2 protein chains.
Amino acid sequence: MPRTASFFPTLFCRESCDARELAELTRLATPIRFDGGQTIFREGDVARSAFGLSQGVVRLYRLLPDGRRQVVAFALPGDFLAMPLGDRFSFSGDAVGEVSICRFPREELKRLIQTNPGIMRQLIEFAANELQSAQDQLTLLGNGSAEERVVSFLVNWRRRVARQTPPSQAVPLPMRRQDIADFLGLKLETVSRTFAKLEQRNAIRIVPHGVVLMRPEQGALVAEGGGAS
Amino acid sequence: MPRTASFFPTLFCRESCDARELAELTRLATPIRFDGGQTIFREGDVARSAFGLSQGVVRLYRLLPDGRRQVVAFALPGDFLAMPLGDRFSFSGDAVGEVSICRFPREELKRLIQTNPGIMRQLIEFAANELQSAQDQLTLLGNGSAEERVVSFLVNWRRRVARQTPPSQAVPLPMRRQDIADFLGLKLETVSRTFAKLEQRNAIRIVPHGVVLMRPEQGALVAEGGGAS
DNA sequence: CGGCTACTTGACATCTATCAACCGGGGTGG
DNA sequence: CCACCCCGGTTGATAGATGTCAAGTAGCCG
């Protein structure tokens with residue numbers, strides 16, 4: 001269990017960290033790697049496995065029959081990819097850049113969860129967080145202008161990324177404009193234009209694979225509360 | 001425990017129905033009534049209680065600082081109002097017409113849940129459903145036109161209502177246009193116009209406190225999958 | 001160096017929001 | 001019992017924001 005270490009600590013050791021439970025989990029986990037663009041699991045597939053993200057970024061999305069796409073969340077290291085309940089995936093996930101995954105056999109994981117109240121509690125908490133995030137996102141898509149959506153995305157993304165690699169002025173944006181657009185319910189041109197507008201206003205600076213959020217505007221930008229999963 | 005009966009069966013007896021657990025739950029529950037428009041709980045309040053809906057319809061919503069509102073869901077009998085986790089309500093709920101509620105003291109309910117795997121499982125399943133619904137709604141708000149949103153709402157609402165009072169051609173809409181608008185991320189005028197357009201097309205008929213969904217169009221209308229909580 | 005892909009920018013179309021007037025039913029008070 | 005008022009809903013005219021289509025630019029990889 002080499003690379004695995006970077007995953008468990010974030011996910012399971014936040015509060016209740018039982019050594020035995022952790023050992024069990026580690027025993028079940030199989031580490032896998034994916035290249036950028038590869039699909040990890042597909043909406044509708046029978047969920048034989050559950051996944052945890054160790055390294056990299058994963059976009060979770062749904063495809064509509066006519067090809068439209070809704071990105072449900074961007075996962076960061078420590079996040080679950082898909083809740084290990086329900087026997088089919090309710091969305092697809094693919095790698096944005098290289099990623100390291102922990103794969104769990106679903107049935108065994110399920111059994112482990114049902115017999116370990118500690119893990120069970122963690123799972124419920126995780127679900128509650130997800131729900132909260134989904135409702136934040138819902139509120140944003142229901143009421144926000146293009147600019148509010150983009151700003152909210154940047155602020156939330158920065159907060160989440162900062163948790164992983166603390167000190168850094170620039171916020172990396174490994175995903176494409178199209179991904180951001182599909183996450184925010186906008187078109188990529190609108191995202192691009194909004195970025196440009198924010199830059200003209202000196203709220204951000206656009207850099208090769210990310211943005212720099214400028215100090216002064218940050219306060220004014222906040223407004224919205226929660227955000228992505 | 002008189003009126004209470006109409007709540008528990010739907011919520012807790014769908015699958016695993018343990019007589020002892022049910023008895024415990026019933027012991028904790030206090031029935032309350034509210035008139036239309038009354039607020040049952042408020043976003044941000046400390047959640048001393050958890051609530052289950054016995055009769056009527058409740059709108060669950062968030063208020064943004066500038067007064068905009070996002071209706072997160074319309075609850076029907078058998079639904080939980082707010083997940084009994086987290087120590088503050090993450091949204092408000094108020095009665096649409098008269099409602100009957102079951103009130104649970106949160107701490108005791110929590111204890112009961114943590115010691116009863118059956119109830120725990122139910123709760124997780126409920127949370128998973130909620131999450132699924134939230135993501136459906138997210139997809140709708142992110143990609144749907146006004147008409148798609150309204151149609152999706154009507155179809156999903158009909159399905160949910162039908163579960164309660166099976167045979168009825170007309171779909172009751174006890175909530176106001178403004179509520180529907182805030183649920184769908186539209187303005188009430190747009191909702192009204194969309195209703196009118198659908199009626200002109202003979203897809204629906206607008207009746208005093210509801211609509212009738214016409215047979216032929218129904219097939220064409222479906223398109224979207226899931227929906228409200 | 002060439003070609004691909006992501007991204008940006010521009011002109012224009014479309015949709016929904018906005019502002020405002022109007023309609024109609026239910027309840028209240030005369 | 002009738003008239004009025006109030007509220008929710010509908011409808012119209014107009015404006016603003018985002019989507020659409022299309023061209024053009026920049027960075028990356030072979």
Side-chain angles (χ1 to χ4, degrees), chain A residues 35-37 57 59 64 66-71 94-98 140-154 172-201 204-211, chain B residues 35-37 57 59 64 66-71 94-98 140-154 172-201 204-211:
Chain A
D35 288 332
V57 176
R59 61 171 169 258
L64 280 73
D66 62 351
R68 287 176 295 182
R69 186 178 68 155
Q70 178 66 42
V71 171
D94 45 42
V96 175
E98 288 193 356
L140 191 64
L141 297 199
N143 300 310
S145 66
E147 186 174 320
E148 288 175 306
R149 299 186 201 195
V150 169
V151 167
S152 169
F153 166 70
L154 290 176
L173 293 177
M175 71 293 283
R176 312 213 178 122
R177 293 287 186 265
Q178 182 67 61
D179 295 329
I180 299 176
D182 289 347
F183 180 61
L184 297 176
L186 299 170
K187 295 297 166 185
L188 89 171
E189 293 97 325
T190 303
V191 172
S192 190
R193 275 187 248 273
T194 306
F195 271 54
K197 198 169 17 162
L198 291 172
E199 184 166 42
Q200 281 167 14
R201 199 187 302 171
I204 66 173
R205 278 200 64 174
I206 302 171
V207 296
H209 291 284
V211 293
Chain B
D35 288 331
V57 176
R59 62 170 167 259
L64 279 72
D66 61 351
R68 286 176 295 183
R69 186 178 68 155
Q70 178 66 40
V71 171
D94 44 42
V96 174
E98 288 193 357
L140 191 64
L141 296 199
N143 300 310
S145 65
E147 185 174 319
E148 287 175 307
R149 299 186 200 195
V150 169
V151 168
S152 169
F153 166 69
L154 290 177
L173 293 177
M175 70 293 281
R176 312 212 181 121
R177 293 287 186 265
Q178 182 67 61
D179 296 328
I180 299 176
D182 289 346
F183 181 61
L184 297 177
L186 299 171
K187 296 296 167 187
L188 88 172
E189 295 98 323
T190 304
V191 172
S192 190
R193 275 188 248 273
T194 307
F195 272 53
K197 199 171 11 163
L198 290 172
E199 183 166 43
Q200 281 166 16
R201 199 188 303 169
I204 65 173
R205 278 200 67 173
I206 302 172
V207 296
H209 290 284
V211 293

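Every chain is numbered from 1, with letters handed out A, B, ... down the list of sequences. Not measured: the values here are computed from a predicted model. The analysis underlying the following values was restricted to heavy atoms, covering all of them including side chains, and did not include hydrogens, waters or symmetry mates.
Among the atoms of the strands shown, none is found under 4.0 Å from any heavy atom of B/Leu188.
When rounded to the nearest whole Å, the span between CD1 of B/Ile206 and C1' of C/dG24 equals 14 Å. The distance between atom CZ of A/Arg176 and atom P of C/dC4, rounded to the nearest whole Å, is 16 Å. One atom, NZ of A/Lys187, and another, C1' of C/dT9, lie 18 Å apart when rounded to the nearest Å. Taking atom CG of residue B/Leu184 and atom C1' of nucleotide C/dC15, one finds them 16 Å apart after rounding to whole Å. Residue A/Phe195 contributes atom CZ, which lies 15 Å from atom P of D/dT18 at whole-angstrom precision. Rounded to an integer number of Å, the gap from B/Asn143 CG to D/dG19 P is 10 Å. Going from atom CD of A/Glu199 over to atom P of C/dT9 covers 8 Å, rounded to whole Å.
Within 3.5 Å, a donor on the side chain of B/Glu189 pairs with an acceptor on the base of C/dC19, or the reverse. The base of D/dT20 lies close enough to the side chain of A/Arg193 for a donor and an acceptor atom to sit less than 3.5 Å apart.
In terms of position on DNA chain D, the residue among A/Val191 and B/Val191 whose nearest nucleotide sits closer to the 5' end is B/Val191. Nucleotides of DNA chain D nearest to A/Pro208 and A/Thr190 differ in position, and the one nearer the 5' end is that of A/Thr190.
Side chain of B/Arg177 to main chain of B/Leu188: no donor-acceptor pair is present (N/O by atom type, distance under 3.5 Å, no hydrogens or angles).
Nearest nucleotide to the side chain of A/His209, out of D/dC28, D/dT18, D/dG9: D/dC28.
In this structure, A/Arg177 reaches the C/dT8 phosphate: one of its side-chain N or O atoms is under 4.0 Å from OP1 or OP2.
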